[in-house]
Amino acid sequence: MAEKDLKEIEVVEAEAKPAKKTTRKKATKKVEEEKKPAKKATKKVAEKEEKPVKKSAKKTIDQVEEKPAKKQTKKAVKKTEAVKKTEEEKKPARKPRKTKVEEPKEEVVIEVVEPKEEPVIEQTMEEPVIEEAVVQEVVEEVQSDLPQPRRSVAFIASECFPFVKTGGLGDVMYALPKALVQLNCDVRVLIPNYRCIPYKYKERMVYRGSFHMDLCSDGRSFYVGIMEYIWDGVVYDFIDNEEFFGQGNPYTSIVGDIPKFCYFAKASLAALNYMNWTPDVIHCHDWQAALVPVFLKTMFAPTPVGRAKTILTVHNLRFQGIYNVPTIQYWTNLPYHVFHTGGLKQGNNDANMLKGGLTFADVVTTVSTTYAQEIQTQEYGELLDGHLRYHSNKLVGIVNGIDIDIWNPATDEYLASPYDLSNVVSQKVGNKMALQEELGLDHDHSKFVLGLVSRLTDQKGLDLVNAILPQIMDDFTQVVILGTGDKVYEDSFRKFENDYKGNVSASIMYDEGRSHKIYGGVDALLVPSRFEPCGLTQLIAMRYGTIPVVRETGGLKDTVEPYNENTNQGNGFTFDRYDASLLLDAINRAKSLYFNNRWCWDEMVQRDMAKDVSWENSAKQYRQLYVDITK
Ligand code: ADP
């Protein structure tokens with residue numbers, strides 16, 4: 001073995017040792033300080049998790065539960081139910097009464113069969129009537145309800161709702177792990193412990209440990225802290241380091257972001273080794289985590305975590321993490337052979353972190369089937385189309401979903417007038433009026449209100465919007481914009497607000513609550529993107545009975561079926577070429593149906609609300625992928 005490789009192994013071994021000396025005193029001190037409140041938090045979490053068990057705290061049941069499931073509250077509750085049912089079956093026949101018990105934290109509805117009249121029930125429950133074999137049988141039966149086999153997965157990404165979110169990646173990192181837990185996956189999410197994570201979450205984190213990790217080619221080492229928070233069956237591990245994550249925002253400038261995410265990728269793997277948790281699959285997301293497969297297949301190959309398979313999901317090919325080779329070589333100390341053209345190298349002098357991930361990952365996925373095809377073409381390939389075509393045999397498209405509990409117009413606390421499929425036609429208008437009031441628009445519920453919730457960047461087709469907005473403004477139309485981003489769009493939308501006072505509103509800000517009010521209050525939502533890997537806003541719109549007007553690209557094409565007036569089918573209005581006049585035409589078709597055939601419009605509203613935009617199907621596909629690559 002080359003001397004260099006040996007050195008690398010030593011580096012990795014060193015990583016597993018808990019930190020003794022503190023070179024980053026500040027960071028360590030912080031972690032230690034956090035130990036105190038963290039203890040309280042642990043107690044809180046533990047108490048919460050105990051609740052469901054307490055609810056059904058009959059002696060016999062407690063005994064049964066002590067044996068198998070220790071961690072998974074939900075599973076324990078299900079088992080309790082199953083045991084109860086078994087007991088019921090043993091008794092003489094009586095009419096069952098169904099009671100719905102809601103478990104608030106986990107949002108599980110459990111049907112408990114209770115006896116109706118017989119008063120002997122308490123006595124019977126006191127007796128340890130269930131034999132070991134019966135218990136085992138019941139437990140196996142309950143477990144067999146879950147898809148098998150079980151898989152463990154570590155998610156590694158730069159953001160995750162509700163801790164930190166700048167776009168769709170944050171939504172996915174929250175909703176997909178949660179959906180996978182329901183499918184018998186053991187999921188851990190690793191994200192940076194940014195300063196901007198709200199205190200209400202920080203105070204619940206528990207200090208899990210720390211160590212020092214060699215990172216740079218000159219031997220510079222860095223502190224790695226692990227703060228943990230368990231929520232909804234998912235374990236969140238926050239990689240802690242003041243020096244890298246102490247600024248306000250997750251992303252600052254490329255100069256600062258390159259070292260930050262070189263560190264993050266390596267620290268995440270070292271943390272998994274430190275915690276002695278080797279997942280079956282490591283699922284990394286976007287360029288910020290793209291070096292994970294590269295580290296895994298080189299420096300970490302001989303360590304425990306080295307046996308994991310890797311998946312890299314591309315949420316947006318435009319962002320790749322490109323910088324000159326010497327800098328990335330310095331910040332990773334990766335062996336020279338990975339900096340070749342088939343690996344990280346791009347052009348003459350640059351290293352491309354995403355490209356490295358695409359090369360070394362076992363599987364590459366992207367967030368819709370159409371985008372998976374598009375990125376292999378020159379038009380959408382962002383200079384990586386050749387590389388992607390070369391790796392096309394490991395490229396898969398799986399469309400995103402949305403979390404239908406968070407995005408639920410029936411329970412949405414931001415809405416003035418919550419509604420569901422049965423009353424959307426009469427209730428939704430209440431939200432339109434509340435929105436007009438809040439934004440200072442003319443109060444007129446008969447107007448056609450068009451919304452736009454978006455990062456304000458070139459990707460989102462905003463030059464098309466700028467080009468046609470004056471043509472859609474008439475006495476019957478209002479436009480509501482929410483977004484931040486490029487100055488050119490922020491300024492143009494502010495100008496439109498001024499030009500069309502009372503009928504155009506431009507909220508140049510990031511505001512989660514306002515986005516909910518817009519989805520619930522407008523009639524149609526614009527998503528005219530130049531390219532769109534998946535897009536979540538059109539899915540959220542449909543869930544809220546708001547008709548999407550989209551360009552047929554990427555995930556927009558895969559999720560919005562064009563309205564066909566002959567068959568009265570479809571979910572929204574679409575256009576194909578990136579052309580302002582086609583966008584205008586699509587908006588005019590929408591307006592025409594809205595004003596001339598409200599019956600058909602309302603049917604489409606209801607059809608959209610009934611459409612399955614949840615994670616259920618897609619999470620199953622990811623699960624299958626995990627199983628397939630770990631056979
Ligand atoms: P992208 O990830 O390219 O930004 P997506 O459509 O995948 O686009 O996801 C955008 C997510 O960010 C959605 O949840 C949307 O509601 C949210 N969002 C975008 N801009 C804002 C904003 N200004 N305020 C609140 N939420 C926003």
Side-chain angles (χ1 to χ4, degrees), residues 157-176 249-251 285-288 313-319 366-368 370-371 374-375 380 382 398-409 412 414-415 435 438-439 451-462 465 480-486 489-490 493-494 505-522 525-544 546 548-551 553-560 572 613 615 618:
S158 58
E159 55 183 89
C160 175
F161 177 85
F163 313 110
V164 53
K165 165 181 161 184
T166 67
L169 173 63
D171 288 311
V172 174
M173 290 297 295
Y174 167 75
L176 179 56
N249 289 325
Y251 316 116
H285 300 262
D286 275 349
W287 77 265
Q288 296 90 346
T313 295
V314 180
H315 295 259
N316 194 332
L317 190 67
R318 175 149 290 183
F319 307 109
T366 187
V367 288
S368 66
T370 296
Y371 193 59
E374 285 174 344
I375 55 178
Y380 294 92
E382 306 284 347
I398 301 178
V399 76
N400 284 337
I402 54 168
D403 187 293
I404 55 172
D405 298 328
I406 287 187
W407 300 108
N408 183 355
D412 194 327
Y414 292 111
L415 297 191
L435 188 67
E438 180 174 323
L439 300 178
L452 182 116
V453 179
S454 181
R455 283 185 295 117
L456 304 182
T457 68
D458 280 344
Q459 173 195 336
K460 300 295 181 178
L462 304 172
V465 178
V480 171
I481 294 157
L482 172 65
T484 53
D486 297 351
Y489 299 118
E490 292 187 349
F493 291 141
R494 281 197 185 102
S505 157
S507 306
I508 305 302
M509 59 172 80
Y510 187 94
D511 187 334
E512 195 76 24
R514 183 157 291 181
S515 76
H516 284 244
K517 291 174 190 169
I518 293 176
Y519 293 121
V522 301
L525 191 89
L526 268 187
V527 200
S529 306
R530 186 183 289 274
F531 69 93
E532 195 58 75
C534 175
L536 297 180
T537 59
Q538 83 282 9
L539 301 180
I540 302 169
M542 288 191 278
R543 173 96 173 124
Y544 280 67
T546 294
V549 178
V550 307
R551 175 160 176 256
T553 182
L556 298 172
K557 185 173 178 183
D558 293 353
T559 57
V560 181
V613 289
W615 266 105
S618 309

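Counting starts at 1 for both ligands and their atoms, following the listed order.
In terms of heavy-atom proximity, Ile406 sits nearest to Asp403 at N-OD1, 3.0 Å. Here the closest heavy-atom approach between residue Val480 and residue Ile518 is recorded as CG1-CD1, 3.6 Å. Closest of all the heavy-atom pairs between Met173 and Cys160 is O-SG, 3.6 Å. The shortest heavy-atom contact between Arg455 and Leu462 is O-CD1, 4.0 Å.
Closest to atom 27 (C) of ligand 1, if we only count protein heavy atoms, is Tyr510 CE1, 3.5 Å. For atom 6 (O) of ligand 1, the closest non-hydrogen atom on the protein side is Leu536 N, 2.9 Å. Protein heavy atom closest to atom 24 (N) of ligand 1, with residue, atom name and distance, is Asp511 N, 3.0 Å. Looking at atom 8 (O) of ligand 1, its nearest protein heavy atom turns out to be Lys460 NZ, 3.2 Å.
When only interatomic distances are considered, the shortest N/O to N/O separation between Asp171 and ligand 1 falls below 3.5 Å. In terms of polar-atom proximity, defined here as any N/O pair under 3.5 Å, Thr484 makes no such contact with ligand 1. Residue Met509 places at least one N or O, backbone or side chain, under 3.5 Å from an N or O of ligand 1. Between Gly168 and ligand 1, at least one pair of N/O atoms sits closer than 3.5 Å. Between Thr166 and ligand 1, a contact under 3.5 Å exists for no N or O pair.
The shell of residues lying under 4.0 angstrom from ligand 1, judged by heavy atoms, excludes Arg514. Residue contact annotation: Gln538 has no non-hydrogen atom under 4.0 Å from ligand 1.
Classified by interplanar angle (parallel below 30°, tilted 30° to 60°, perpendicular above 60°), the ring pair Tyr174/Phe161 is perpendicular. In this structure, Tyr371 and Phe531 have parallel ring planes: the angle between them is below the 30° cut-off, well short of the 60° mark. Ring-plane geometry between His315 and His285 is classed as tilted, the angle between the planes lying from 30 to 60 degrees on a 0 to 90 degree scale.
A donor-acceptor contact shorter than 3.5 Å links the side chain of Ser368 to the backbone of Gly555. Under the 3.5 Å distance criterion, the side-chain polar atoms of Asn316 are matched with a main-chain donor or acceptor of Arg318. Side-chain N or O atoms of Tyr380 include none that pairs as donor or acceptor with a backbone N or O of Leu317 at under 3.5 Å.
Residue-level proximity to ligand 1 for Ser454 is carried by the backbone, the only part with a heavy atom below 4.0 angstrom.
When Arg455, Glu159, Lys165 are ranked by how near their heavy atoms come to atom 3 (O) of ligand 1, first place goes to Arg455. Here the shortest heavy-atom distance to atom 15 (C) of ligand 1, taken over Trp407, Tyr519, Phe161, Phe531, belongs to Tyr519.
Close contacts between ligand 1 and Thr537 involve ligand atoms 6 (O), 15 (C) [criterion: under 4.0 Å to a heavy atom]. The distance from ligand 1 to the heavy atoms of Gly483 drops below 4.0 Å at these ligand atoms: 23 (N).
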